Amino acid sequence: MDITLNDELNISPAISSPSVPERILQNPYWVSKEHRHVMVEFFYPQTNKRVLASIKDDDGSNPDFQEVMAKYTIEHIDGNTQKRKTEREKHIRQNIERDKVNKMKAEQEMLFTAKLEAFEIPLVKNSKNKLYKSKIRKAKSIMEVTAYTAILLMKEEDVNDAPPVVRE
């Protein structure tokens, strides 16, 4: 098919490629100031989505890094970095405290369970020895519960093994 100058051509416009969605850079902080490495949130208002991006600029040619530096001062990024560091340290302290409390609760539960188990032993349950039964109840550790339970069991065995007392 030959096309001459007088022929009309039906030309449809090219399919437009999707443009890069509008984004807003927010909350930059240093990963390594010496290596010109920042983390920044890309916020896309059209979709209300946030993406955390790592931007490194070794040779000064990264346009994203240049955009961050054009929008934010070094002092602002330093401030964000310090704020994040302080928050992180606070969370670490809170986690340590929470772990201590959880450990203490678990130890108390195990101690309580040990005391219950001691009193489930028939010789302990039926013993008339109030002193050692009280010591088991007041014990501060599983080792104490075990020790006092063992002493009480030995005393009960001695009582049960002794010849009957004959009264005249």
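This is a predicted model, so every value here is computed, not measured. Counting from 1, the numbers follow the sequence of the chain as shown.
Tracing side-chain contacts under 4.5 Å through hydrophobic residues (I, L, V, M, F, W, Y), one never reaches L52 starting from Y44; they form parts of separate clusters.
Under the rule for a salt bridge (charged side-chain N to carboxylate O under 4.0 Å, His left out), E107 has no partner lying at least two apart in sequence or in another chain. K105 pairs by the salt bridge (charged side-chain N to carboxylate O under 4.0 Å, His left out) definition with nothing, not counting sequence neighbours. Checked against side-chain contact (heavy atoms from CB on, under 4.5 Å), K49 has the following partners two or more places apart in sequence or in another chain: T47. Under the side-chain contact (heavy atoms from CB on, under 4.5 Å) criterion, N95 pairs with R98, not counting sequence neighbours. Residues forming a ring-ring contact (aromatic ring centres under 6.0 Å, His included) with Y72 (at least two apart in sequence, or on another chain): H76. Here F119 pairs with V124, K133, I136, R137 under the side-chain contact (heavy atoms from CB on, under 4.5 Å) rule; sequence neighbours left out. In this view, K56 and D58 satisfy the salt bridge (charged side-chain N to carboxylate O under 4.0 Å, His left out) rule, not counting sequence neighbours. For K138, there are no salt bridge (charged side-chain N to carboxylate O under 4.0 Å, His left out) partners, not counting sequence neighbours.
The side-chain heavy atoms of K85 and Q82, taken from C-beta on, include a pair separated by under 4.5 Å. No side-chain heavy atom of H91 sits under 4.5 Å from any side-chain heavy atom of R88.
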| request: Would you please test K155 and I151 for side chain to side chain contact (heavy atoms under 4.5 Å, CB included) and show each step? | output: CA-CA 6 Å; K155 288 187 176 289; I151 293 169; 3.9 Å; yes
| task | Just do the side chain to side chain contact (heavy atoms under 4.5 Å, CB included) check on R23 and E67 with the steps written out, would you? | result | CA-CA 12 Å; R23 68 173 191 212; E67 184 179 350; 2.5 Å; yes
| field | side chain to side chain contact (heavy atoms under 4.5 Å, CB included) evaluation trace for L123 with E157 | value | CA-CA 8 Å; L123 280 176; E157 288 293 330; 3.0 Å; yes
| query | What do the steps show when you test I77 against V68 for side chain to side chain contact (heavy atoms under 4.5 Å, CB included), and what is the final call? | reply | CA-CA 9 Å; I77 299 172; V68 170; 4.1 Å; yes
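What you find for R36 and G60 is that their closest heavy atoms are NH2-CA, 4.0 Å. Heavy-atom minimum distance, N80 versus P28: ND2-O, 2.8 Å. Smallest separation of non-hydrogen atoms from V145 and K115: CG2-CG, 3.7 Å.
Cluster partners of I96, using a side-chain heavy-atom cutoff of under 4.5 Å among ILVMFWY residues and allowing indirect links, are I92. Side-chain contacts under 4.5 Å among hydrophobic residues (ILVMFWY), followed directly or transitively, place M143 with no other residue at all. Other cluster members for I24: F43, joined by side-chain heavy-atom distances under 4.5 Å among Ile, Leu, Val, Met, Phe, Trp and Tyr. Hydrophobic clustering, defined by side-chain heavy atoms of Ile, Leu, Val, Met, Phe, Trp and Tyr closer than 4.5 Å, leaves M154 isolated from every other such residue.
The pair K100-E97 meets the salt-bridge criterion, with a side-chain N (NZ, NE, NH1 or NH2) lying under 4.0 Å from an Asp/Glu carboxylate O.
In R50, the CZ atom is crowded: over 12 heavy atoms of neighbouring residues, nucleotides or ligands sit closer than 6.0 Å. Counting non-hydrogen atoms of other residues, nucleotides and ligands closer than 6.0 Å to NZ of K83 gives a total of 12 or fewer.
In this structure a side-chain-to-backbone donor-acceptor pair under 3.5 Å is present from T81 to W30. Checking side-chain atoms of D57 against main-chain N and O of N62 turns up a donor-acceptor pair under 3.5 Å.
Counting only N and O atoms by type, the side chains of D59 and S61 include a donor and acceptor under 3.5 Å apart.
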